[in-house]
Structure formats: C-alpha cells, structure tokens
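Worksheet for the structure shown next.
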Amino acid sequence: MTTAATQPSSHHGGNGGEGAFEPRILVFCCNWCSYAGADLAGVSRLQMPPYFRTIRVMCSARVDPEFVMRAFQKGADGVLVAGCHPADCHYIGGNYRTRRRMALMKMLIRQFGFDPDRLKLEWVSAGEGEKFQKTIIEFTNTIKELGPSPIHGGGG
Amino acid sequence: MRMSLREARIRAALRTVEGERVRWLLGKKGQLTTAGNVFGEVVTDARYSFIVQKAAGVELERNLLLLEMEAGPRTVHELHDATGIAKPEIVKHIIALKKWRLVEHVGMKGQSPQYMAVPKKGQSVEEVN
C-alpha cells in the first residue's frame, strides 16, 4: 500500500480556539480516480480543513475492514473511503465490493460502539476536485459535530 | 498492565473484523444473497444482516473474554466483573472457546474453575500492536 500525505490547504479554517476539538480524519483514496481528484483539488488551491491525511490505495476495494478498525484504534475520529464512481472502476467491480463492505462495516462499527457516521464512502472521480473539497468539508463538519471518537473518551 | 474496558472493547472489535468468521461472512454476501449456500438456500438481505450482526456480537464478546484471559487465569465471576457480560453467556462462550482450544482450565480458585487463554503458536501472550 502506497501512502502519501496530501498537502491540505494552508488555510487553518474554522477551529482556531485553544483546546478546540481538531478531528483526525483518515481518507483512503483509490489510485485511479479519488487520489487524482484530491490532487486536482490541491493544484486548484481549493480550501479544505487541514485535519485529514490521505492514504492512496490501488482500489477502494483494497480497504479492508481491518484497516478501518485499526484506524479507529490508532485514534482516527473519522474514516472516509473515496473510490471511483460505480461502473468506472479500473478493476471493473472493485467499488461495488467496497460499497457492500462499507455498508456492513457501518453496521458493525455501530455494534462496536462507534457512530456509523464516522465512516463514510464517497465516489470521487479524477475530474471532481470540487466534489473532493465539498466531501472533506462536510465530513469534517460531521465529525466535529460528533466529537472525539470513543478511544479519546467521546460518546460514540 | 490492565487495560480499560473501552480500550479492550476496541481491541476486541479489531480482532473481530480480523477474525475468520466475520471476514468470511462479509466476503460471502453476494453469493449467499444471490446464488445461495451449498444447499442452494438463498438468504434474504434482512436475514443476512441479522446473521452478520449476531456473529459480530458473539465474536466481540468472545474476543473481549479472550483478551481478559490472556492477562492471566480468570474465573467466570472475575470475567463478569471485568467485562460486564452476563455469567450464563460467559459460560457458553467458555464452552465454545474450550472446544476450539483457545482457552484451558488451569486450576481452581475456591470452588470456581479458572480459565486462561492458550497462546497461539509463534505468538507471545502480550498483544502485538
């Protein structure tokens, strides 16, 4: 698995106060669509909250349920999986597997004591830099509303 | 060093999704809900969700108990105090775990039997992070 930390915008928006909750978000991007979308958002200088780190995977279907749980165990407050749009998968049907798996993972993380909204699946193509930005902003806001993850003493 | 129940639950959850039972179920959704199982019985989506949730719940509890028993010998009473799982459920889980040779009876504490997790081959008792 290749990892790369994208450079989110230098704009530290929205959460300036001392001791304010700064969520830690992990974004899994597929190599062929979403990572290029994230790159486009970066080179287009679209402003995004600086609380996310990106891990590039060859396909969103590479994201094992174990990766998601391990991210939560290591302190992530939210996990976003971004893949190609349905029918656009480079490997034909990887994203369909991801969709099915993430739906089940949402069910499981609820059982494990996490709010299912802490896990999100989104389709972002290589030309959708703005959608990537919008997704990150929305997801960051969702996580801020939910508060810290249970591993940090949050509610769920 | 004893870990908090919250930390133990998360570790148990991680083991649950790493475990064979849940992974097998997650990977077989398409087959079970369309082609059916080896007997040709097709499982509905609702039934499938119920099965996965039940399996995950059971595995979570068993992993929680295993984590506790990896720290040392425990009686059912001690396991109940540490995890909050009902004692009859703990007994059921221990019977299953003994069957799979994941725990063993190591002695008695008063009149209560003590159980301890069997270390896997090539794995130390300490949790590998």
Side-chain angles (χ1 to χ4, degrees), chain A residues 1 24 26 28 57 59-79 81 86-87 89 91-116 118-119 121 146-156, chain B residues 3-35 42-67 70 82-85 89 93 126-129:
Chain A
M1 181 167 58
R24 281 194 278 182
L26 189 65
F28 288 102
V57 287
C59 178
S60 55
R62 178 69 183 88
V63 181
D64 193 284
E66 185 194 334
F67 296 176
V68 176
M69 275 318 297
R70 200 168 285 279
F72 284 125
Q73 189 206 15
K74 297 283 180 191
D77 297 301
V79 177
V81 181
C89 179
Y91 303 102
I92 314 299
N95 48 7
Y96 292 115
R97 288 170 190 268
T98 312
R99 182 165 63 183
R100 191 186 297 153
R101 198 178 294 161
M102 288 305 137
L104 292 168
M105 268 311 285
K106 272 178 174 271
M107 198 168 73
L108 291 183
I109 64 168
R110 184 203 295 267
Q111 211 164 354
F112 299 154
F114 293 87
D115 194 300
R118 291 189 184 277
L119 176 63
L121 172 65
L146 290 172
S149 99
I151 199 108
H152 294 133
Chain B
M3 63 183 109
S4 68
L5 183 59
R6 175 181 289 148
E7 196 185 335
R9 272 189 76 84
I10 289 169
R11 281 193 181 193
L14 183 61
R15 282 192 183 189
T16 301
V17 293
E18 282 173 352
E20 192 181 351
R21 188 174 176 187
V22 170
R23 289 182 72 88
W24 187 90
L25 275 170
L26 290 180
K28 290 282 180 187
K29 187 187 180 188
Q31 192 181 330
L32 291 173
T33 55
T34 53
V42 177
V43 180
T44 63
D45 276 349
R47 177 81 185 145
Y48 174 81
S49 297
F50 172 76
I51 292 168
V52 170
Q53 284 191 40
K54 193 173 174 188
V58 168
E59 288 297 306
L60 182 69
E61 287 188 348
R62 284 183 187 169
N63 284 318
L64 208 51
L65 294 174
L66 269 175
L67 276 171
E70 278 170 10
T83 61
I85 302 169
E89 290 300 313
H93 290 319
E126 284 294 314
E127 177 78 23
V128 179
N129 284 317

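All heavy atoms count here, side chains included; hydrogens, waters and symmetry mates do not.
- With a 4.5 Å cut-off on side-chain heavy atoms, B:T16 and A:Q111 do not count as touching.
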Check against side chain to side chain contact (heavy atoms under 4.5 Å, CB included), A:V68 and B:V17: CA-CA 9 Å; A:V68 176; B:V17 293; over 6 Å; no
Donor-acceptor contacts, no H, no angles, side chain residues 48-55 of chain B, under 3.5 Å, sequence neighbours left out:
unit_1, atom_1, unit_2, atom_2, d
B:Y48, OH, B:L25, O, 2.4
B:S49, OG, B:D45, O, 3.1

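- Interatomic distance, B:R15 CZ to A:Q73 CD, rounded to the nearest 0.5 Å: 10.5 Å.
- Other residues, nucleotides and ligands contribute only 12 or fewer heavy atoms inside 6.0 Å of the CZ atom of B:R47.
- The CZ atom of B:R6 lies 10.5 Å from the NE2 atom of A:H152; values are rounded to the nearest 0.5 Å.
- B:Q31 meets the side-chain hydrogen bond (donor to acceptor under 3.5 Å, both in side chains) test with B:K28; sequence neighbours excluded.
- Ranking B:L14, B:L26, B:V22 against chain A, the residue ahead of the rest is B:L14, based on heavy-atom pairs under 4.5 Å.
- Contact annotation: the side chain of B:E18 approaches that of A:R70 to within less than 4.5 Å [non-hydrogen atoms, C-beta and beyond].
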Pair A:R101-B:K29, side chain to side chain contact (heavy atoms under 4.5 Å, CB included): steps then yes or no: CA-CA 9 Å; A:R101 198 178 294 161; B:K29 187 187 180 188; over 6 Å; no
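- Heavy-atom distances place the side chain of A:F114, and not its backbone, under 4.5 Å from chain B.
- Counting only heavy atoms from C-beta outward, the side chains of B:I10 and A:F112 never approach each other to under 4.5 Å.
- With a threshold of 4.5 angstrom between heavy atoms, A:I151 approaches chain B through its backbone and through its side chain.
- Looking at heavy atoms from C-beta onward, A:E66 lies in side-chain contact with B:R23 at the 4.5 angstrom threshold.
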